Amino acid sequence: MKILAMPIGFGAFVEEINLRQIGESDTGKLREALLEYGLLVVRDQGLAPDEQVAASRIFGSLETFPNTGNQVAGVPQIFRVASRPADGHVEVGRYWHSDGSFREVATPITLWQTVEEAREGGQTLFTDLQLAYRELSLEMKRKVEKLITVHRNGILHPLVMLHPKTGRPGLYLNMGLTHHIQGLREGESEELMAELDQHFSRPGATYIHAWQKGDFVIADNLRVAHKATSVSADQRRILNRTTVSGNDVFWNKVDGREKLVA
C-alpha cells in the first residue's frame, strides 16, 4: 500500500490496495493515514454494497437509515445520493457541512463509493477545518473560540471543536443546518456564518474531487468539511454513502474494546 499526500496541504491518495482483501496491518495504516491527512481517495475499487459495508467497518460500527424506496434494499447502512429521485436522495449537501452534525454525538467519518459518475458536474469539494482555524486572524480566533452553534433541531456544538483523537482545534459549522450562533444577534450570527463560509472557500483551500468509476473516498468529518456541486437530472449520478457512528468509531477503542471518552 502506498499513501501519497495531496499538494493541497491535506488529503492523500491511497494506491496498491484492494479493500476487499485488507489485513490487520493495512487496516492500521489506513486509520493512521486518515488521522494524518483527514481525507483519503482510493481509486479503482468498484465495491458492491455489501463490500462497501465491510470496508467501512474498518473505521467503526455504521449508522443505519430507513429505506425510502429509492435506497439499496436490504442494506440499511447505505444512504444513497443521486441526481434522480428514483435512484436516491437528491439535492443533498450543496453547502459546506460535515455529515451527521445534527446528532448529539456527531458523525465522525463518512465514506463514499461511486456507482454511476456524471459526464459533467457533480464534483464534491473538501476543505480542511483545522487549517481554516489556523489561518484565521488572531482577532477572529478570539471572537469564535467560545461560541456555540445551534442546529435547527436544537443540537449544540462548539464552533471551534477539538478533535477527539488528536486534540487539534478546527472550525465545525454546518452552513445549511445551523439555525444560529449562541450569544449573537440574528444579523451578527448570519454575518459571521457568511464570513466563515467564504473562508472555507478561500483560494487554494479546497480539493475538488471529480468522481470516477470505482472511487472510494473516506473523510474525517471532524477534520474536513465538504459540499456537493450541482449535476443535471438528465445525467445519472449515484454515490453510495456509509457513515461511522460517533459512539463506535475506531479511535474510541483500545485493543478492540470501548474506552471511556471524557
Side-chain angles (χ1 to χ4, degrees), residues 1 11 13-24 26-27 29-31 33-34 39-94 97-103 106-119 121-124 126 209-221 224 226-229 231 233 235-250 253:
M1 180 173 65
F13 295 100
V14 182
E15 299 180 350
E16 298 180 13
I17 187 172
N18 181 352
L19 290 173
R20 297 177 181 85
Q21 300 173 345
I22 182 167
E24 185 175 342
D26 282 344
T27 292
K29 290 177 182 177
L30 279 177
R31 291 173 171 177
L34 184 62
L39 177 72
L40 303 178
V41 175
V42 192
R43 303 282 194 188
D44 302 320
Q45 297 302 301
L47 303 177
D50 60 332
E51 293 172 331
Q52 177 177 349
V53 168
S56 300
R57 284 178 173 148
I58 290 170
F59 301 95
S61 297
L62 304 183
E63 298 171 341
T64 59
F65 305 91
N67 190 331
T68 56
N70 58 1
Q71 297 296 292
V72 181
V75 190
Q77 298 89 351
I78 287 180
F79 182 90
R80 175 169 278 190
V81 296
S83 58
R84 302 175 181 177
D87 291 329
H89 296 284
V90 298
E91 300 296 331
V92 175
R94 301 284 176 82
H97 69 286
S98 292
D99 290 332
S101 64
F102 58 86
R103 301 178 188 274
T107 299
I109 298 171
T110 294
L111 311 95
W112 298 266
Q113 165 70 45
T114 311
V115 178
E116 294 281 348
E117 68 275 18
R119 301 185 306 276
Q123 300 95 340
T124 301
F126 295 89
H209 186 75
W211 295 94
Q212 300 178 15
K213 191 176 185 64
D215 282 357
F216 190 71
V217 175
I218 310 159
D220 178 345
N221 285 313
V224 300
H226 63 277
K227 70 174 179 178
T229 59
V231 57
Q235 302 183 74
R236 193 163 187 248
R237 173 193 183 264
I238 303 172
L239 298 178
N240 282 349
R241 193 197 77 179
T242 46
T243 46
V244 173
S245 168
N247 292 315
D248 195 20
V249 63
F250 73 88
K253 294 176 177 290

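Note that the structure is a prediction, hence the values are computed from the model and not measured.
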When the ring centroid of Trp112 is compared with that of His209, is the distance short of 6.0 Å?
-> no
Start with the C-alpha distance between Leu62 and Val244, add both sets of side-chain angles, then the distance that settles side chain to side chain contact (heavy atoms under 4.5 Å, CB included), and finish with yes or no.
-> CA-CA 4 Å; Leu62 304 183; Val244 173; 4.0 Å; yes
Pair Thr107, Asn221: side-chain N/O donor-acceptor within cut-off below 3.5 Å | no
Take Thr243 and Asp99 through the test side chain to side chain donor-acceptor pair (under 3.5 Å) and record every step on the way to the result.
-> CA-CA 8 Å; Thr243 46; Asp99 290 332; over 6 Å; no
What is the minimum heavy-atom distance between Thr229 and Gly121, and which atoms define it?
-> OG1-C, 4.4 Å
Hey, what do you get for CG (Asp44) to CG (Asp215), rounding to the nearest 0.5 Å?
-> 7.5 Å
CD on Gln71 to CG on Asn240, rounded to 0.5 Å | 8.5 Å
Might you point out which heavy atoms bring Ala233 and Arg84 nearest each other, and give the distance in Å?
-> O-NE, 3.1 Å
Compare every heavy atom of Ser98 with every heavy atom of Val224, then report the nearest pair and how far apart it is.
-> O-OG, 3.5 Å
Considering all heavy atoms, the nearest Leu34-Ala219 contact = CD1-C, 4.2 Å
Check for a donor-acceptor pair, side chain of Glu63 on one end and backbone N or O of Ser245 on the other, with a separation under 3.5 Å.
-> no
Would you check if Arg43 and Val14 make a side-chain contact, meaning some heavy-atom pair closer than 4.5 Å?
-> no
Going from OG1 on Thr68 to CZ on Arg80, what distance comes out if it is rounded to the nearest 0.5 angstrom?
-> 11.0 Å
Residue pair Thr114 / Leu239, side-chain heavy-atom distance below 4.5 Å = yes
Please check if the distance between the ring centroids of His89 and Phe79 is under 6.0 Å.
-> yes
Taking the side chain as C-beta and beyond, is there a heavy-atom pair between Lys227 and Thr124 under 4.5 Å?
-> no
Point-to-point distance, once rounded to the nearest 0.5 Å, from CG of Leu111 to OG of Ser56 | 4.0 Å
Between Thr27 and Phe250, is any pair of side-chain heavy atoms under 4.5 Å apart?
-> no
Results of side-chain hydrogen bond (donor to acceptor under 3.5 Å, both in side chains) for Arg20 - residues two or more places apart only | Glu51
Side-chain donor-acceptor pair under 3.5 Å between Gln77 and Thr242, yes or no?
-> no
Rounded distance (nearest 0.5 Å) linking atom CD1 of Ile78 with atom OG1 of Thr64 | 12.5 Å
Non-hydrogen atoms of Ala82 and Gly88 that approach each other most closely = CB-N, 3.7 Å
With the side chain counted from C-beta on, respond yes when Phe59 and Leu30 share a heavy-atom pair under 4.5 Å apart, and no when they do not.
-> yes
Look up atom CD in Glu117 and atom NZ in Lys213, then write down how far apart they are to the nearest 0.5 Å.
-> 6.0 Å
All salt bridge (charged side-chain N to carboxylate O under 4.0 Å, His left out) counterparts of Asp220, not counting sequence neighbours | none
Closest heavy-atom pair and its distance - Ala86, Asn70 = O-CB, 3.6 Å
Distance-only, no hydrogens or angles: does the His97 side chain make a donor-acceptor pair with backbone N or O of His226 under 3.5 Å?
-> yes
Looking only at atom types and distance, does a side-chain atom of Gln52 sit under 3.5 Å from a main-chain N or O of Asp50, one as donor and one as acceptor?
-> no
